[in-house]
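Heads up: the structure comes next, in structure tokens.
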Amino acid sequence: MNLKLFSVFMAAFAVQVMIFAQEQTVPRSIWIEETPSIPLVWNGIPAVEIVVPEQSSRVTEFASKELQSVLSESLGRKIDVIKAPRKDKTSIILGDNEFSRKAGIDVNTLPRDGFIIRSGGNRIFIAGRDNPQTDIEWARNQLSIWANNFERGTLNGVYDFLERFCGVRFYFPGELGTIIPKHLELTIPQMNIFERPDYTVRLYTWYKGDWFDKSPEWGKDGIRAKTLNLYRTRHETQYLPCNHGLLAHNYHGRFAKTHPEYFSIIDGKRSNFDRHPYLCFNSGVVEEIYQDAKAFLTGKSMASRNAVNEYGKPEWSPSACQKGYFNIMPQDGFRMCECPLCKKVKDKRPVPGVPDKEISDHIWGLTAKIAQRLKEEGVDGCITQMAYWPYNRVPDFPLPDNIRVMVGVRGPWSQVPDDSQIDGWTKKLERKVWLWTYAGKFGSRQLPGIPSSTPRAVGRYYPAHADRIFGAYMESDTDRYLYHYLNYYVFGKVMWNNKTDVDALLSEHYQLMYGKAASAMKRIFEQIENDWLTKLQGKFIENDQGVFYQYPSEYEMWNKIYSPTKLKSMETDYDKAGQLAETELQKKRVRLMKQEFLGGLLKQSRDYHGNIRQAEEWVHIVPEQGTSSAYLHKVPDGAATQGHLAMSCGNNELAITVFGVPHRELEVLIGNHKFKFTKQKLAIPLSILGKVPHPFDVVRRENGEITERWNFFLDSKTLEPSAFGRLVIGHPGDGNIIVNGDFIGKDAKPWFGPLYAQENFGAYFDNEVFLTGGQSMRLESKGKYSTSMWQNLPQLKSNTRYRITFYVKLENVVPYGAGGVISTCYDQVNRWYPAGPLTGTMPWTKQCNEIVTGPETNKKYPSYFNVSMRNASGKAWVDNVRIYEVEAKGK
Ligand SMILES: [Zn+2]
């Protein structure tokens, strides 16, 4: 055997992954002498050097670079890294080597991620287990949990040493997020420290989020900053698998053709050719799952099962299979099979009033069966399963002791405690569980530009369950990385040490980062946390539609929660903090936070209001032949009154007749002209009007105050007078391709919807609540129903930009699931608007969206415009719908 190869083999053997020990069983022990006696720097002259012997691993070397760079800056001179300790200096000796071993340190006895910091005379040893094979400089550039799951105990020790003895703090990478105190004199005490994490599972989502600093040292998308922060927050280095494992074992690729009966019948159809099929657990697939589990847990390859993964390789998926653990969690969005055998399960309904208990028992029955058989056949290792909707109910039957359970709970952002769920499972299993928690901007980055920093909630939540959990995954997606820097920092601290004083930790953070601006910045951050938790993160909903968050509507967001006035005062708060900050670094930090945390809000607010304003142009057309009606609306709520104006053209004048309002109370304002009625009538020479269109305003006053306005209800303070509306006379049209956008006429052709009204839901014409034309379309549902209104758009052209505007008013729209009121313009795909469905109660509010149609518009399928109320109860009115061509912006 080639010797070189052999040594590589031996090295591989030495670090082969030990079976993940879930619970931390070894107590930490910390001894630090009271009086300092080890000099690091004297009179500005460093008395310390870093020792990394020959043949140290690249991970240990990386630890030395981190120590060297921070210590050099702290002590004011470059600290040497040398191969062997010298007598005349304090030596910090890193990693597992001849010196540390001689000092009695055996890293093989340490729990994973643990380390020792121990002094002996003028030597300080910092040692943990470091993976001898990892190329950490390569790993740092990988946006991958797998690339970064390598042991780096010494690096953990270096960070602990710098924090504990030199006052360094790692809030986020770079000078603005790192506190490095300058020391001209520093002598530290003798110590003997053994540290290890309280929680073994310490996983958070770290890939997403734009990194603010685009300089090349941070790599593409800031990846090198993110991985560095992963190391500095002492993230876990081993994954306990539990994430929809049944998808990862590739049953679809393996059996879709040969065994269609393995796959669930969903909506009357076998799902074997779905990309993410569901499995029928009353089929032969259960035997396949068992044989896979047995093969993996007994060290056999996927090839031994004549199988490949979804990438065509005979390798077990790391997300479902880690040494000693095999995950059999079903596919997300679980759907129960409808075959006769599975139907029987569904019909069992063992516990009335406990929803989905029969499905839950079905999945846990399967889990127990596989685990029990593994035991009976003498297979070591565990099955992992997640208590997750709809199989999150604790079963009444026994579960074998080789099952490990991850409990899916709401987590730190929860508005109600999760205790009973966690309690139930720990009592059932008589062992600790681990958690999947949600503290992220869910799914498709909902609420972009809105900060979601919640360090206090994170700091409270995870230690509170210390007696029942051995760790947690914090699903913490965000759109800007800095939104979550404090969440990550606090998570790292409390997961490592459950006794961390979070209030003190945060106070220290504000003090060190901002100096005299600490209180001001603390108030800003606490306000952000409060807004997020109580107003923005949405209501977490779990019902027969699934689990999800319901977010506030855009209207609420930009008019109520972050109104222009509120944003203005927030801007002032940052500026005041900036004035309080003393050093240039502190001032820079305040500016960075303002840019990151307020910048997104300002932009979103501008986009929203800009868009609404742009849409505020109001056109009323008086045809050359015939009459049109303008209605009066109460200010400010927009309710229609009985008053209305009939307008017609002829004899070079605009004739206006008023109905339903005493004529003396009505004024017509056109530019600087004011017109009064004689009896019910008024005639305005078209020559006065000049060129069309004309700014035009009809108001009714009571005691001098405007109480009604024609077709208008918006607060006049926010609008320019000329924006109150335009009268267009004899214009052939304004390009609106919607026919009858005001819903005029008994059956308001060509709108569809009311034809299909049912007893509890439907679309109706409403001549009591409307904006224009004397009628609107009302969508109404008395339960969890969907209803819609639409018209076809044969005039919609391909490859053209259109603006779509309409008004909506809501009354108590309550969604079930991700429901609410939403529009779509279908060209060749659905163009949904707004991004999140509208819910709640809302006055008449203009919606404005722009789309560019695709080349297939009106070719294969007819185009249409549609507004629907989906999976919701309540009422919604729609009026004044317009779709018209616009020039592309910037043209
Ligand atoms: Zn079935």
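Numbering of ligands and ligand atoms starts at 1, following listing order.
Side chains of Y462 and T437: a donor on one and an acceptor on the other come within 3.5 Å. Counting only N and O atoms by type, the side chains of S317 and H249 include no donor and acceptor under 3.5 Å apart.
Taking the side chain to side chain contact (heavy atoms under 4.5 Å, CB included) definition, one finds that V394 meets it with W425, K428, sequence neighbours left out.
Contact check on D401 versus R431 returns no salt bridge, with no Lys/Arg side-chain nitrogen under 4.0 Å from an Asp/Glu carboxylate oxygen. By the 4.0 Å N-to-carboxylate-O rule, R468 lies close enough to D419 to be salt-bridged with it.
For the Zn ion (ligand 1), the tally of protein N/O/S atoms lying closer than 2.8 Å stands at 4.
For the pair M302 and E315, the tightest heavy-atom approach, listed with the atom from each and the gap, is SD-O, 3.4 Å.
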